[in-house]
Amino acid sequence: MKTMNLPEVVADLVEAQASFDSVAFANCFSETAVVFDEGKTHKGKAEIQQWIDQANKRFKTVMDPIEFTQTDTTCVLLAEISGTFEGSPLVLNYNFVLRDGLIQSLKITG
């Protein structure tokens with residue numbers, strides 16, 4: 001991973017993804033968090049944990065952060081992802097809304 005000044009919770013999420021740790025990944029989110037990915041919405045920590053666990057088992061996704069930008073209310077992590085999915089590798093935008101040190105929402109877009 002490139003050296004970047006990431007908020008702690010985003011760095012924790014990248015680290016959790018690198019080790020395919022769905023529990024640590026879900027712990028980066030608030031209880032009421034929402035994730036939007038591939039046209040589906042996942043609500044709450046339990047559903048987010050289930051989603052990332054299934055995605056990790058199915059696609060073995062590796063995330064390589066490229067660039068990070070942040071405003072007062074949102075931040076975007078540009079990352080190359082690779083794995084066992086069609087079109088690998090891809091560069092995706094991870095659009096975060098952070099609140100109280102946790103991820104409140106994440107929208108993953110191409």
Side-chain angles (χ1 to χ4, degrees):
M1 179 173 84
K2 290 182 181 180
T3 302
M4 288 182 213
N5 190 19
L6 300 176
E8 184 176 355
V9 71
V10 175
D12 290 348
L13 180 120
V14 171
E15 186 176 312
Q17 181 59 46
S19 60
F20 303 107
D21 186 339
S22 60
V23 173
F25 189 98
N27 284 337
C28 296
F29 293 83
S30 73
E31 289 296 333
T32 58
V34 177
V35 172
F36 180 80
D37 182 42
E38 295 185 301
K40 296 180 182 162
T41 302
H42 311 280
K43 297 179 182 178
K45 282 174 79 165
E47 200 171 301
I48 291 168
Q49 182 180 335
Q50 183 179 24
W51 157 74
I52 198 62
D53 187 56
Q54 290 173 353
N56 284 340
K57 288 175 180 171
R58 186 171 174 202
F59 301 117
K60 315 267 189 280
T61 303
V62 175
M63 178 191 295
D64 183 21
I66 298 169
E67 183 178 288
F68 180 76
T69 56
Q70 186 168 11
T71 67
D72 289 342
T73 56
T74 63
C75 51
V76 178
L77 177 66
L78 183 68
E80 181 181 270
I81 62 163
S82 58
T84 59
F85 54 87
E86 188 175 331
S88 176
L90 296 172
V91 175
L92 298 177
N93 290 299
Y94 289 75
N95 302 277
F96 297 97
V97 175
L98 305 180
R99 187 178 304 142
D100 299 326
L102 293 171
I103 300 166
Q104 185 60 39
S105 71
L106 168 59
K107 183 175 185 180
I108 303 171
T109 59

Margin query: F96 vs K107, test: side chain to side chain contact (heavy atoms under 4.5 Å, CB included). Steps then yes/no.
Written below: CA-CA 7 Å; F96 297 97; K107 183 175 185 180; over 6 Å; no
Next item on the list: Please examine the side chains of V14 and P65, heavy atoms only from C-beta on, and report whether any two atoms are closer than 4.5 Å.
Entry: yes
Checklist line | Separation between CG of L13 and CE of M63, rounded to the nearest 0.5 Å | finding: 5.5 Å
Checklist line | From L6 atom CG to Q70 atom CD, the distance as rounded to the nearest 0.5 Å | finding: 9.5 Å
Item checked: D53 CG to F25 CZ distance, which is reported to the nearest 0.5 Å -> 11.0 Å
Checklist line | Geometric cation-pi criterion, K45 with F29: 6.0 Å, 45° | finding: no
Notebook entry, point to check: Are Q17 and T61 linked by a side-chain donor-acceptor pair shorter than 3.5 Å?
Noted result: no
Item checked: Pairwise side-chain contact, T41 with V35, heavy-atom cut-off 4.5 Å (strictly under) -> no
Checklist line | Exceeds 12 heavy-atom contacts within 6.0 angstrom, atom CD of E15 | finding: no
Check: If you look at every heavy atom in C75 and L98, which pair is closest and at what distance?
Finding: SG-CD1, 3.8 Å
Item checked: Exercise: identify the closest heavy-atom pair between I48 and V34 -> CD1-N, 4.5 Å
Check: Mind checking whether T109 and L92 have side chains closer than 4.5 Å, heavy atoms only?
Finding: no
Item checked: N56 and K60, any side-chain heavy atoms less than 4.5 Å apart -> no
Note to self: Using a 3.5 Å distance criterion without hydrogens, assess whether the side chain of N27 forms a donor-acceptor pair with backbone atoms of V23.
What the structure shows: yes
Notebook entry, point to check: side chain to side chain contact (heavy atoms under 4.5 Å, CB included) between Y94 and L106: does it pass, once the steps are laid out?
Noted result: CA-CA 7 Å; Y94 289 75; L106 168 59; 3.9 Å; yes
Return all side-chain donor-acceptor pairs below 3.5 angstrom for residues 76-84, not counting sequence neighbours, or 'none' if the list is empty.
residue: T84; atom: OG1; partner: R58; partner atom: O; Å: 3.0
residue: T84; atom: OG1; partner: F59; partner atom: O; Å: 3.1

Next item on the list: Considering non-hydrogen atoms only, spot the tightest contact between F68 and P7 and give its length.
Entry: CZ-CD, 3.2 Å
Checklist line | Euclidean distance, H42 NE2 relative to Q54 CD, rounded to 0.5 Å | finding: 9.0 Å
Item checked: In one Ile/Leu/Val/Met/Phe/Trp/Tyr side-chain cluster, 4.5 Å: I108, L90 -> yes
Check: Closest approach of V9 and C28, non-hydrogen atoms and distance?
Finding: CG2-O, 3.2 Å
